[in-house]
Undergrad: 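Got a structure for you, questions after.
In the text below, chain A, chain B and the rest are named by the order of the sequence lines, each starting its count at 1. This one's a predicted model, so the numbers in the text were calculated from it and none came from an experiment.
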There are 2 protein chains.
Amino acid sequence: MAGSPDQTGAGRSASSAEVRRRLLEVAAHMVREQGAPALSARKLAAATGTSTMAVYTHFGGMPGLVRAMVAEGFSRLFARVAAVPITEDPLLDLRNAAAAYRAHARADPDLYAVMFGSATLGDYRLHYEDRIVGLDAFVQIKQFMERGMAAGVLQEADPAAVAAQWWTALHGFVMLELTRFIDVVDDAEDTVLWPLMDHLLSSLMVTPEPPRKDV
Amino acid sequence: MAGSPDQTGAGRSASSAEVRRRLLEVAAHMVREQGAPALSARKLAAATGTSTMAVYTHFGGMPGLVRAMVAEGFSRLFARVAAVPITEDPLLDLRNAAAAYRAHARADPDLYAVMFGSATLGDYRLHYEDRIVGLDAFVQIKQFMERGMAAGVLQEADPAAVAAQWWTALHGFVMLELTRFIDVVDDAEDTVLWPLMDHLLSSLMVTPEPPRKDV
DNA sequence: TCCCATCCATAACACCGTTATGATCGGACC
DNA sequence: GGTCCGATCATAACGGTGTTATGGATGGGA
């Protein structure tokens with residue numbers, strides 16, 4: 001509770017912000033390379049070249065550091081989905097968005113698990129408030145749906161509900177993929193993920209099409 | 001590694017099996033009531049009225065105890081899905097199976113998270129081999145699909161792939177529901193879960209129907 | 001120049017899973 | 001019946017964890 005040390009001229013602010021940035025960077029690296037349980041305050045401090053107290057001055061403790069990691073994870077997920085080019089085909093955009101979302105999760109699976117799982121990192125349980133920061137990405141999906149409806153491709157409906165259906169299917173696949181449960185079927189990407197997304201989208205279209213073949 | 005102490009006349013076998021049973025029962029209760037991070041060998045032993053060594057003689061350590069909990073969780077999930085009555089309407093059966101599956105997850109959310117999340121319980125990471133025991137439930141879903149195809153209601157397709165699509169959508173909803181992410185939309189059960197399942201099933205039907213209204 | 005808030009290094013505390021040791025007890029065998 | 005043996009678990013110690021208390025160093029504001 002050191003009173004939110006932002007960069008407003010507090011102490012040696014430049015070097016301090018640098019320590020904070022490096023702590024987050026090293027922590028993310030440790031989680032990505034060695035898995036969530038490998039992250040500890042002591043090992044993190046040693047790898048960053050500081051002491052455990054730095055974690056407390058900058059984040060108030062390990063849960064605070066994890067919160068910051070999750071927030072940055074959502075920020076990157078947001079950026080990744082936002083980077084898909086918007087074409088004249090809203091359905092293609094939605095497919096590309098799904099591919100980008102999945103790629104992001106596969107690139108950093110342990111962080112995705114902490115973001116979305118009821119996963120605990122170490123012993124610190126994240127609460128709903130700690131994850132709500134991730135809903136920017138959901139707003140993006142909603143906008144994809146709104147574009148599709150405005151273009152007359154998707155049926156008029158509640159964009160939030162439709163976006164949530166899309167998210168549910170995609171998140172379900174990603175989680176089963178990361179936990180390897182999806183390995184019960186062969187070639188899951190082509191036999192589960194894209195057929196499922198196609199089933200959903202064609203049900204939402206004004207004039208349903210047979211599932212496309214081009215990936 | 002005490003050589004699998006089954007009930008074949010080993011020591012005071014009756015009392016021993018009883019201790020093992022109570023350890024599992026108390027551990028499940030602690031996870032259900034206080035969440036996964038609240039489970040520790042010491043508190044579990046104290047609550048069970050024994051010492052931490054009992055965990056090692058019966059399960060080889062905390063990871064082994066968690067494995068046993070996960071196996072029992074899958075067993076109960078299997079029983080829950082198996083208990084849905086089989087009617088002459090395969091689609092109704094699939095809907096009832098989904099409702100039973102979701103109800104099971106909601107009744108013991110932390111255990112579901114350990115079973116399916118890349119969630120860690122304490123610091124012990126479960127491996128794929130520890131969770132493979134849960135695939136009995138998947139076989140059941142596959143059989144539902146096979147019945148639907150045999151009855152001429154569902155299109156002929158790979159039952160495993162179709163079952164995996166169904167599972168993906170359902171698991172995605174359950175996870176988003178347990179983590180409360182689904183709260184971004186109102187009335188998620190009626191605006192997300194059932195519409196999504198209906199979209200999927202109608203895409204799989206020989207003669208698609210409009211989504212049903214009866215819940 | 002002085003001062004003071006900030007930052008972090010050190011050490012201690014309580015807790016964790018795990019291991020080593022040994023007492024205890026029930027069943028098997030002679 | 002006496003004896004032994006092996007499984008079971010109570011106790012204590014070890015290295016790890018997050019966290020807290022303490023104090024020294026450092027750099028900017030008055």
Undergrad: Examine D/dA7: is either OP1 or OP2 under 4.0 Å from a nitrogen or oxygen in the side chain of B/Thr57? Give yes or no.
TA: no
Undergrad: Take atom CG of B/Leu44 and atom C1' of C/dC16, then tell me their distance rounded to the nearest Å.
TA: 14 Å
Undergrad: Give a yes/no on whether any side-chain N or O of B/His58 is located under 4.0 angstrom from OP1 or OP2 of D/dC9.
TA: yes
Undergrad: Between C/dC15 atom C1' and B/Leu39 atom CG, what is the distance in whole Å?
TA: 14 Å
Undergrad: What pairs of nitrogen or oxygen atoms, one from the protein and one from nucleotides 9-13 of chain C, lie under 3.5 Å apart?
TA:
residue	atom	partner	partner atom	Å
C/dA9	OP2	A/Thr50	OG1	2.8
C/dA9	OP2	A/Ser51	N	2.3
C/dA9	OP2	A/Ser51	OG	3.1
C/dA12	N6	A/Arg42	NH2	3.4

Undergrad: Got a list of side-chain donor-acceptor pairs under 3.5 Å for residues 71-83 of chain B, not counting sequence neighbours?
TA:
residue	atom	partner	partner atom	Å
B/Glu72	OE2	B/Arg76	NH1	3.0

Undergrad: In whole angstrom, what separates B/Phe59's CZ from D/dT8's P?
TA: 12 Å
Undergrad: Classify the angle between the aromatic ring planes of B/Tyr101 and B/Trp166 as parallel (below 30°), tilted (30 to 60°) or perpendicular (above 60°).
TA: perpendicular
Undergrad: Between B/Gln165 and A/Thr191, is there a donor-acceptor pair closer than 3.5 Å when you use the side chain of the first and the backbone of the second?
TA: yes
Undergrad: From OH of B/Tyr56 over to P of C/dA20, roughly how many Å is that when rounded to an integer?
TA: 11 Å
Undergrad: Angle class for the B/Trp167/B/Phe138 ring planes (parallel below 30°, perpendicular above 60°, tilted otherwise)?
TA: tilted
Undergrad: When you get a sec, tell me which of C/dC16, C/dG17, D/dT19 is the closest nucleotide to the side chain of B/Lys43?
TA: C/dC16
Undergrad: Within this structure, what is the CE-to-C1' distance between A/Met62 and D/dG16, rounded to whole angstrom?
TA: 14 Å
Undergrad: Can you check whether B/His171 and B/Phe116 have ring centres sitting under 6.0 Å from each other?
TA: yes
Undergrad: Is a donor on one side and an acceptor on the other found under 3.5 Å between the side chain of A/Thr87 and the backbone of A/Asp89?
TA: yes
